[in-house]
Amino acid sequence: MMQPPDSPPSSEQQLMLRASALAGLTLGELADWAGVAVPQDFRREKGWTGQLIERWLGAEAGSRPEQDFPELGIELKTVPIDALGKPLETTYVCFAPLTGIAGQRWEQSNVRHKLARVLWLPVEGSRDIPPGQRRVGAPVLWSPNTDELLLLQQDWEELMDMISLGQVEQITARVGQVLQLRPKAANGKALTQAIGSHGQPIQTRPRGFYLRKNFTQNILLQHLYLSENPLA
DNA sequence: CCTTGATCATTT
DNA sequence: AAATGATCAAGG
């Protein structure tokens with residue numbers, strides 16, 4: 001039986017070694033060995049899988065607005081996949097700034113920084129598989145290529161333009177080719193300040209940036225054909 | 001309230 | 001069946 005590390009990985013290689021060691025194991029095994037109870041479902045513990053994987057890779061717990069491995073400049077994302085390897089959910093990236101965004105540039109945006117380097121860890125997520133029996137897949141270390149970067153930048157600029165023009169209430173999840181903007185809060189009562197259609201301050205639900213499923217799927221698929229040893 | 005970890009539940 | 005909009009928990 002394995003045991004979770006007690007310190008962050010000292011190198012990218014060590015991180016990948018840790019992640020690769022999880023491939024093929026079930027969430028039940030990882031939970032047992034870490035002394036964590038497995039929930040019947042995720043209705044009341046939606047972040048359970050991500051937090052379990054964080055422990056096994058030695059990420060610092062917490063809600064700091066930073067990368068999971070700041071020393072390595074790497075962000076960790078677990079992604080639920082179906083039997084065919086397709087993402088079952090969009091991927092949350094970060095909150096969207098709704099005020100004080102004049103002159104904000106893509107190059108220095110939170111989205112750009114978060115996605116600079118991501119360690120994707122696919123996990124079986126079909127609801128007909130009990131959480132404890134769901135298997136962890138092989139890790140994929142990814143940085144956006146030129147095409148992906150351009151798509152992300154185009155979407156980010158379109159969304160941020162709408163926000164700065166006071167059109168945040170008109171933004172639906174349909175806007176954006178690969179990046180979308182959706183509510184992100186504890187509930188519908190949470191409100192934050194934004195810009196209204198006449199430039200006046202308004203109260204609206206906080207929003208977050210999410211990656212569409214197809215975009216994430218292409219990342220995982222590319223590695224299937226283009227990486228040296230995708231199954232290692 | 002904000003940010004982290006995301007999935008749920010209803011609509012389309 | 002897929003996508004959108006809503007929601008749950010914990011740390012700060």
Side-chain angles (χ1 to χ4, degrees), chain A residues 4 8 19 27 30-31 34 36-70 74-101 109-111 113-115 118-132 134 136-137 155 159 168-194 201-217:
Chain A
L27 296 181
L30 295 178
V36 175
V38 183
Q40 289 301 306
D41 56 62
F42 294 143
R43 273 182 298 185
R44 302 197 71 81
E45 293 183 68
K46 300 182 178 181
W48 187 85
T49 302
Q51 288 164 357
L52 178 66
I53 298 300
E54 279 184 347
R55 287 180 63 149
W56 277 96
L57 295 182
E60 301 295 339
S63 55
R64 299 161 295 105
E66 301 172 25
Q67 290 155 315
D68 294 287
F69 304 99
I74 295 176
E75 171 76 9
L76 171 67
K77 290 293 180 192
T78 63
V79 49
I81 55 170
D82 67 13
L84 300 178
K86 299 174 60 170
L88 283 163
E89 297 289 347
T90 56
T91 301
Y92 171 70
V93 180
C94 61
F95 263 88
L98 301 182
T99 59
I101 51 184
S109 70
N110 213 221
V111 174
H113 287 305
K114 283 275 174 140
L115 299 182
V118 178
L119 179 61
W120 298 94
L121 210 54
V123 177
E124 287 182 323
S126 299
R127 292 203 207 176
D128 55 7
I129 309 175
R134 298 184 188 180
V136 178
D155 288 347
L159 290 165
V168 64
E169 301 283 25
Q170 279 71 57
I171 299 176
T172 70
R174 297 167 187 81
V175 177
Q177 312 162 83
V178 299
L179 197 65
Q180 60 181 179
L181 195 77
R182 308 214 311 273
K184 168 69 170 169
N187 54 58
K189 295 170 188 164
L191 294 174
T192 190
Q193 194 176 98
I202 61 169
Q203 292 293 113
T204 190
R205 282 145 51 255
R207 307 298 212 281
F209 287 110
Y210 294 79
L211 295 177
R212 293 186 182 280
K213 294 180 194 177
N214 284 349
F215 185 75
T216 306
Q217 180 179 8

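Letters A, B, ... mirror the listed sequences (proteins, then strands); counts begin at 1. Because the structure is a prediction, the values reported are computed rather than measured.
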Asks: Is there a donor N/O on one and an acceptor N/O on the other, under 3.5 Å, for the side chain of A:Y210 and the base of C:dA3?
Replies: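 Check fails, no donor-acceptor contact within cut-off.
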Asks: On DNA chain C, compare the nucleotides closest to A:R44 and A:R212; which residue's is nearer the 5' end?
Replies: A:R212
Asks: Minimum heavy-atom separation for A:T78 to A:G50, with atom names?
Replies: OG1-CA, 3.9 Å
Asks: Measure from the side-chain heavy atoms of A:P80 and tell me the nearest of B:dT7, B:dC8, C:dA3.
Replies: B:dT7
Asks: From CD of A:Q180 over to C1' of B:dA6, roughly how many Å is that when rounded to an integer?
Replies: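 So the CD-C1' distance, A:Q180 to B:dA6, works out to 14 Å.
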Asks: Of the options C:dA3, C:dT7, B:dC8, whose atoms approach the side-chain atoms of A:E89 most closely?
Replies: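 Nucleotide nearest to A:E89's side chain: B:dC8.
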Asks: Whole angstrom is fine here: how far is it from CD in A:E66 over to C1' in B:dG5?
Replies: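 Those two atoms, CD and C1', are 15 Å apart.
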Asks: On DNA chain B, compare the nucleotides closest to A:R43 and A:A190; which residue's is nearer the 5' end?
Replies: A:A190
Asks: Heavy atoms under 4.0 Å, any strand shown: does A:E75 hit a base, just sugar-phosphate, or nothing?
Replies: sugar-phosphate
Asks: What contact category does A:K114 fall into here, base, sugar-phosphate, or nothing, at under 4.0 angstrom with non-hydrogen atoms?
Replies: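 Sugar-phosphate only.
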Asks: How many Å lie between CD on A:E60 and P on B:dG5, as a whole number?
Replies: 13 Å
Asks: Under 4.0 Å between a side-chain N or O of A:T78 and OP1 or OP2 of B:dG5?
Replies: no
Asks: Could you check how far NZ of A:K86 sits from P of C:dA1, rounded to whole Å?
Replies: 12 Å
Asks: Is there a side-chain polar atom (N or O) of A:T192 under 4.0 Å from OP1 or OP2 of B:dC2?
Replies: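 Yes.
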Asks: The test is side chain to side chain contact (heavy atoms under 4.5 Å, CB included); show your working for A:V175 and A:L181 and say whether it passes.
Replies: CA-CA 8 Å; A:V175 177; A:L181 195 77; over 6 Å; no
Asks: Side chain of A:D68 only, please: which of B:dT4, C:dG5, B:dA6 is the nearest?
Replies: B:dT4
Asks: OP1 or OP2 of C:dA10 sitting under 4.0 Å from any side-chain N/O of A:Q51?
Replies: no
Asks: Taking NZ from A:K46 and P from C:dA10, how many angstroms apart are they, rounded to a whole number?
Replies: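 Spelled out: NZ on A:K46 to P on C:dA10 is 14 Å.
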Asks: Across the strands shown, which category fits A:R55 at heavy-atom distances under 4.0 angstrom: base, sugar-phosphate, nothing?
Replies: nothing
Asks: To the side chain of A:F95, which of B:dT3, B:dC8, C:dT4 is closest?
Replies: B:dT3
Asks: Is it true that A:R134 and A:T49 share a donor-acceptor pair across their side chains at a distance under 3.5 Å?
Replies: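 Judged by distance alone, the side chains do not pair up.
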Asks: With sequence neighbours left out, write down each residue that passes ring pair (Phe, Tyr, Trp, His ring centres under 6.0 Å) with A:W56, or none if nothing qualifies.
Replies: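 Per chain and number, A:W56 pairs via ring pair (Phe, Tyr, Trp, His ring centres under 6.0 Å) with no residue.
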Asks: Atom CH2 of A:W48 and atom C1' of B:dC8: how far apart are they, to the nearest Å?
Replies: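 Atom CH2 in A:W48 sits about 17 Å away from atom C1' in B:dC8.
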Asks: With a non-hydrogen cut-off below 4.0 angstrom, is A:G50 in contact with a base, only sugar-phosphate, or nothing?
Replies: sugar-phosphate
Asks: Is the backbone N or O of A:D41 less than 3.5 Å from a side-chain atom of A:R127, with the two atoms forming a donor-acceptor pair by type?
Replies: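 No, A:R127 side chain to A:D41 backbone: no donor-acceptor pair under 3.5 Å.
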Asks: Output yes when at least one side-chain N/O atom of A:R174 is less than 4.0 Å from OP1 or OP2 of B:dT12, else no.
Replies: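 So the side-chain polar atoms of A:R174 never come under 4.0 Å of the phosphate oxygens OP1 or OP2 of B:dT12.
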Asks: Taking atom P of B:dC8 as reference, at what distance in whole Å does atom CG of A:N187 sit?
Replies: 18 Å
Asks: Of the candidate nucleotides C:dG5, B:dT4, B:dA6, which contains the atom at the shortest distance from the side chain of A:R182?
Replies: C:dG5
Asks: Could you please name the option among C:dT7, C:dC8, B:dC8 that lies closest to any side-chain atom of A:A185?
Replies: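 Minimum distance to the A:A185 side chain belongs to C:dT7.
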Asks: For a quick check of understanding: with a heavy-atom distance under 4.0 Å over all strands, which category does A:Y92 fall into, base, sugar-phosphate or nothing?
Replies: base
Asks: Could you state the CG-P distance from A:D41 to B:dC8, rounded to the nearest angstrom?
Replies: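 These atoms are roughly 7 Å apart.
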Asks: Can you name the one residue among A:Y92, A:F95, A:F215 that meets ring pair (Phe, Tyr, Trp, His ring centres under 6.0 Å) with A:Y210?
Replies: A:Y92
Asks: Could you tell me whether the side chain of A:D155 and the main chain of A:Q177 form a donor-acceptor pair under 3.5 Å?
Replies: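 Flag set: sc A:D155 to bb A:Q177 pair under 3.5 Å.
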Asks: Classify the nucleic acid contact of A:T90 as base, sugar-phosphate or nothing, counting any heavy atom under 4.0 Å across all strands shown.
Replies: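 Result for A:T90 = base.
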Asks: Tell me if the side-chain of A:K184 makes a donor-acceptor pair with the base of B:dT3, cut-off 3.5 Å, by modelled atom types.
Replies: no
